[in-house]
Amino acid sequence: MKLAEIIKILNLNVITGENDLDKEVNGGYASDLLSDVIANAQNGQLWITMQTHVNIVAVAVLKELLAIIIVNGRNPADDTIQKAKEQGVVILSSNLSAFKLCGKLYELGIGKDV
Amino acid sequence: MNEFFSQTYEIKGKDFQNAGKVSTGIKTLLKQLGIKPEIIRKVAIACYEAEMNIVMYAKTGTMKLDIDTKKIKITVLDQGPGIQDIDLAMKEGYSTATPEMREMGFGAGMGLPNIKKNSDEFKIESSIGEGTKLEITIFIN
Ligand SMILES: Nc1ncnc2c1ncn2[C@@H]1O[C@H](COP(=O)(O)OP(=O)(O)OP(=O)(O)O)[C@@H](O)[C@H]1O
Ligand SMILES: [Mg+2]
C-alpha cells in the first residue's frame, strides 16, 4: 500500500515531506529507543515513535525509513521540522497511541508479510 | 597499500543538535563511491553508534575513515572519561546514560554491541580519564 493511502485512511497529519508520499510502504517498526531502531528497523519502513527531538531525523536518514509517525498527538520540535525538511525526511503524526496505530496499520495489512 | 580515500571528521561532545551529521555525511559519500548497500548499512550503524557515544560521553573526538579496494576502516578516538569495565560496556543493556539522554531515546545499551555485530573486525581500547579508541573494519567483498 502507498503511504498517501495510509495517511488518508488513518487520518494522519503531514508535518513534512508532503510531496514525497507516493511510495510503497514496506512494513513498520515501533520503538522509542534510537539504538533499537538503528539496529532493527529496515529501509522503506514506517517508524512509529513518541520521540520528537531533532535526533530522530538522522536515524530516519541513516536507515532510509519511509516516514516517521509521531503518536499520542505529540508535535515535533521546530528544529526537528527544520532538519527533516533539509534532509527530505517525511514526518507524520497521529492522535492515536502507538498500540492503536500499529493495530490499525496491521489491519490494513502493513507488515503482515514482512 | 592502495588507499583511495581517507578523511577525518571532528565530533563535539554534548552537541546533540548536530549529532548524526558525521555518520549521515559518511553514508552519502559511500553511496557516491558506489559501495554496495549492504556494506553501507553496516558502516552507517557502526558510525552512528560511535558518533553518538562521543556526543553522549566524551569531550571531543574524531572519526577517521579509510577506504581501499578491500575494506572500510573507521578509527574513532575520543578525549573523555574512558570506560572502566569494557566487558560490561559491551554487554547489551548496560548503559550509564543520564535520565535526560534516556528521555531522548538514548541509553538502550545497544550501541557498542551493535558496532561489534556489524564489524568484521572490532577493537576497543580505553584509558580512564583519557579516552577511548575504537577500530572498526568492514570488508567490502
Ligand atoms: N566513548 C565512550 N566514552 C566513555 N564511555 C563510553 C563510551 N562509549 C561507551 N561508553 C560507556 O559504555 C556504555 C555502553 O555503551 P553503548 O553504546 O553500548 O550503550 P549506550 O550508549 O549507553 O546506549 P545506546 O547506545 O543504546 O543509546 C555507555 O553507557 C557508557 O557508560
Ligand atoms: Mg551508545
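Chain identifiers are assigned alphabetically (A, B, ...) following the order of the sequence lines, protein sequences preceding nucleic acid strands; residue numbering begins at 1 within each chain. Everything numeric in this text was worked out from a predicted model, so none of it was measured.
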query = Given a strict heavy-atom distance threshold of 4.5 Å, which part of B:Lys42 is in contact with chain A: side chain, backbone, both, or neither?
reply = neither
task = Answer with yes or no whether the hydrophobic clustering places A:Leu96 together with A:Ile9; edges join I, L, V, M, F, W, Y residues whose side-chain heavy atoms lie under 4.5 Å apart.
result = yes
key: same_hphob_cluster(B:Ile74, B:Leu33) at 4.5 Å side-chain heavy-atom cutoff   = yes
inquiry  = Using heavy-atom distances under 4.5 Å, tell me whether B:Gln17 contacts chain A through its side chain, its backbone, both, or neither.
reply    = both
request  = State, yes or no, whether a side-chain contact exists between B:Met104 and A:Leu34 at a heavy-atom distance under 4.5 Å.
outcome  = no
key: Joint hydrophobic cluster, B:Ile86 plus B:Ile128, side-chain heavy atoms closer than 4.5 Å   = no
remark   = Pair count under 4.5 Å, heavy atoms only, with chain A: among B:Ile26, B:Thr24, B:Thr28, highest is B:Thr24
inquiry  = Test of understanding: clusters of I, L, V, M, F, W, Y form through side-chain heavy atoms closer than 4.5 Å, transitively. Do B:Phe139 and B:Ile45 belong to the same one?
reply    = no
note = Tightest non-hydrogen contact, residues B:Met110 and A:Asn40, listed as CE-ND2, 4.2 Å
message = Would you say that more than 12 heavy atoms from the other residues, nucleotides or ligands in this model lie under 6.0 Å from the CD of A:Glu18, or not?
response = yes
remark   = Among residues 53-86 of chain A, residues within the sub-4.5 Å heavy-atom range of chain B, in order of number, are A:His53, A:Val54, A:Asn55, A:Ala58, A:Val59, A:Val61, A:Leu62, A:Lys63, A:Glu64, A:Asp79, A:Lys83
ask   = Just wondering, are more than 12 heavy atoms of other shown residues or ligands nearer than 6.0 Å to CD in A:Glu24?
value = yes
remark   = To the nearest 0.5 Å, atom OG of B:Ser95 lies from atom CG of A:Leu33 at 10.0 Å
task = Mark yes when over 12 heavy atoms from residues, nucleotides or ligands other than A:Phe99 sit less than 6.0 Å from its CZ; otherwise mark no.
result = no
ask   = In terms of hydrophobic clustering (I, L, V, M, F, W, Y; side-chain heavy atoms under 4.5 Å; direct or indirect links), are A:Leu46 and A:Tyr29 co-clustered?
value = no
key: Portion of A:Asp32 that has a non-hydrogen atom of chain B nearer than 4.5 angstrom   = backbone
inquiry  = Would you say NZ of B:Lys14 has more than 12 non-hydrogen atoms from neighbouring residues, nucleotides or ligands within 6.0 angstrom?
reply    = yes
ask   = Which heavy-atom pair separates B:Asn114 from A:Ser35 by the least distance, and what is that distance?
value = ND2-O, 3.9 Å
